[in-house]
Amino acid sequence: MSRFGVRKVFTISMLLTSIVTGLTGLANSIFHLKICRVMLGIAEGPLPIGVTSTINNWFPSKEKGIASGIFLSSIKLGPVITPILGALIISVWGWKEVFFFFALPGIILPLLWYVFVTDRPPSSRFTNQQEVDLINEKVNDIQEGNNAELGYKKIPYLDTFIRVKQIKTLETTKSVYRSWNVWGCSLGYCFQLGISSLLLAWMPTYLLTEKHLSVMGMGFVAAAPWVGAVLGNITGGIISDKLLAKRRKPGMMISALSTSVMMLLLIYAPANPFLYAALLFLTGLLLSIGFSAYMVYPMSFIAKDKFPTANALVNMGGQLGAAATPFIGGIILDHLGWNTVFVFMAGISILTFLMLLSIDEPTKINP
């Protein structure tokens with residue numbers, strides 16, 4: 001994306017994702033289905049990077065956390081809505097038609113994206129100079145002659161704890177790859193998204209076999225963390241943008257600590273569907289509070305034309321965690337049981353917190 005531009009790469013990625021989704025409905029063997037799944041992963045890979053790069057280019061820093069939270073909430077809303085839509089389509093037509101219906105929006109939306117969303121606000125025919133200055137945060141410079149809005153007031157004890165520092169903007173690909181702040185953020189996202197994926201993969205089985213819930217009760221309870229995640233992502237964006245004045249690490253650290261506590265509480269929670277649903281809702285909310293911060297964190301110290309590279313590294317860490325953690329959880333389950341799986345998730349959440357302690361909070365601070 002740094003070379004060819006977000007607009008072109010994102011549009012092509014959306015189109016290819018939709019085409020492969022439609023082709024999945026035509027698969028007539030396990031081999032063909034596996035090929036389609038691999039192609040789908042390759043096609044949709046640039047999508048999250050394209051969205052976060054667009055947020056970085058099109059929003060002022062005081063709104064980037066909220067914008068990222070809304071984007072991530074839409075991702076978590078998918079697992080809540082699509083099974084219902086899929087079930088309706090299957091009941092009327094069949095399972096293959098699910099892929100055809102889901103492919104259609106992705107044929108139309110890329111065209112709208114290409115028409116309305118350019119790589120940079122100045123090149124869009126829908127923006128004026130005042131809007132461009134607002135996005136690039138030049139309005140306050142003109143009106144006040146300083147960068148008071150770009151920085152923020154000190155919070156002494158918090159800023160010391162989260163290692164607030166003024167660091168030089170990284171303007172080369174080499175400097176991005178050599179930045180521990182980028183890699184530390186990537187590893188933290190790896191562990192946290194891994195927990196989310198493990199819950200998605202194994203929670204229905206756990207509720208049926210260990211808590212002995214009915215299938216209907218399992219469906220109700222298993223959806224709870226994703227409803228919480230929708231709220232958590234937006235809440236996290238508001239906290240980092242508004243309450244903490246663009247500090248990103250606190251939300252990430254709150255998520256890590258609170259998630260470790262929730263994992264331990266889930267071990268001993270009674271098999272009451274409503275109580276367990278409430279705990280899982282709270283788990284999804286707390287786990288997701290920091291997710292938008294992971295997306296926004298590199299924006300404050302990476303040059304905009306190099307941000308796609310940094311975001312790719314962070315997203316790569318998250319996807320590796322999402323792929324590996326359910327597999328690791330299955331191995332633990334085979335040999336040590338469910339309680340150890342929850343302890344494992346609590347452990348890597350604590351490890352996330354320790355990892356976050358080692359990276360800086362890059363910013364400008366007003367006295």
Side-chain angles (χ1 to χ4, degrees), residues 21 24 37 40-41 44-45 47-48 69 71-87 98 102 188-211 213 215-234 236 255-256 258-260 262-267 269 273 276-292 294-295 315-334 338-349 352:
T21 299
T24 303
R37 297 299 294 173
L40 180 65
E44 68 181 4
L47 294 179
F71 160 59
L72 292 171
S73 290
S74 68
I75 295 177
K76 297 299 171 61
L77 189 60
V80 178
I81 295 177
T82 51
I84 300 173
L85 294 177
V98 170
F102 285 177
Y189 193 46
C190 171
F191 297 141
Q192 293 296 278
L193 194 58
I195 293 173
S196 178
S197 296
L198 198 156
L199 290 174
L200 177 64
W202 286 108
M203 186 53 64
T205 302
Y206 174 76
L207 294 172
L208 287 172
T209 61
E210 192 72 8
K211 295 300 182 181
L213 299 184
V215 174
M216 184 67 70
M218 179 275 295
F220 167 75
V221 176
W226 312 115
V227 177
V230 171
L231 181 61
N233 281 306
I234 297 175
S255 279
S258 59
T259 299
S260 65
M262 293 307 300
M263 291 302 104
L264 298 178
L265 289 177
L266 287 171
I267 295 176
Y276 217 82
L279 285 174
L280 284 175
F281 172 85
L282 187 58
T283 298
L285 189 152
L286 293 172
L287 175 62
S288 301
I289 280 178
F291 277 10
S292 62
Y294 284 105
M295 298 290 98
N315 190 62
M316 177 191 70
Q319 297 308 314
L320 287 174
T325 310
F327 175 71
I328 296 172
I331 295 175
I332 295 173
L333 180 61
D334 283 341
W338 287 106
N339 287 356
T340 309
V341 173
F342 284 101
V343 172
F344 165 69
M345 288 189 285
I348 62 175
S349 201
T352 301

**Student:** Checking side chain to side chain contact (heavy atoms under 4.5 Å, CB included) against Trp338, which of Leu266, Val343, Thr205 comes through?
**Tutor:**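 Going through the options one by one, the only one that passes is Thr205.
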**Student:** Restricting to side chain to side chain contact (heavy atoms under 4.5 Å, CB included), what partner residues turn up for Ile331, sequence neighbours left out?
**Tutor:** Phe327, His335
**Student:** Looking at every non-hydrogen atom in both residues, tell me the closest pair between Pro326 and Gly321 and how far apart they are.
**Tutor:** CD-O, 4.1 Å
**Student:** For Thr352, enumerate each residue passing the side-chain hydrogen bond (donor to acceptor under 3.5 Å, both in side chains) test, keeping only those at least two apart in sequence or located in another chain.
**Tutor:**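 Only Gln192 meet the side-chain hydrogen bond (donor to acceptor under 3.5 Å, both in side chains) criterion with Thr352.
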**Student:** Can a donor-acceptor pair be found, under 3.5 Å and without considering hydrogens, that links the side chain of Ser74 to the backbone of Phe71?
**Tutor:** yes
**Student:** For Ala269, check side chain to side chain contact (heavy atoms under 4.5 Å, CB included) against everything at least two apart and list the hits.
**Tutor:** Tyr276, Leu279
**Student:** Using the side chain to side chain contact (heavy atoms under 4.5 Å, CB included) criterion, which residues pair with Val341? Sequence neighbours excluded.
**Tutor:**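 With neighbours one apart ignored, the set is Leu198, Ile332, Leu333, Met345.
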**Student:** How long is the span from the CD1 atom in Ile195 to the CZ atom in Phe344, to the nearest 0.5 Å?
**Tutor:** 8.0 Å
**Student:** Verify the ring-centre separation between Tyr206 and Phe342: is it less than 6.0 angstrom?
**Tutor:**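 They qualify: ring centres under 6.0 Å apart.
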**Student:** Who are the side chain to side chain contact (heavy atoms under 4.5 Å, CB included) partners of Leu285, not counting sequence neighbours?
**Tutor:** Leu231, Phe281, Ile289
**Student:** Looking at residues at least two apart in the chain, or sitting in another chain, which of them share a side-chain hydrogen bond (donor to acceptor under 3.5 Å, both in side chains) with Thr21?
**Tutor:**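 Partners of Thr21 under the side-chain hydrogen bond (donor to acceptor under 3.5 Å, both in side chains) test: none.
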**Student:** Kindly compute the distance separating CG (Leu320) from CE (Met316), expressed to the nearest 0.5 Å.
**Tutor:** 5.5 Å
**Student:** Please report the closest heavy-atom contact between Ser255 and Ser349, naming both atoms and the distance.
**Tutor:**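 Closest approach of Ser255 to Ser349: O-OG, 4.3 Å.
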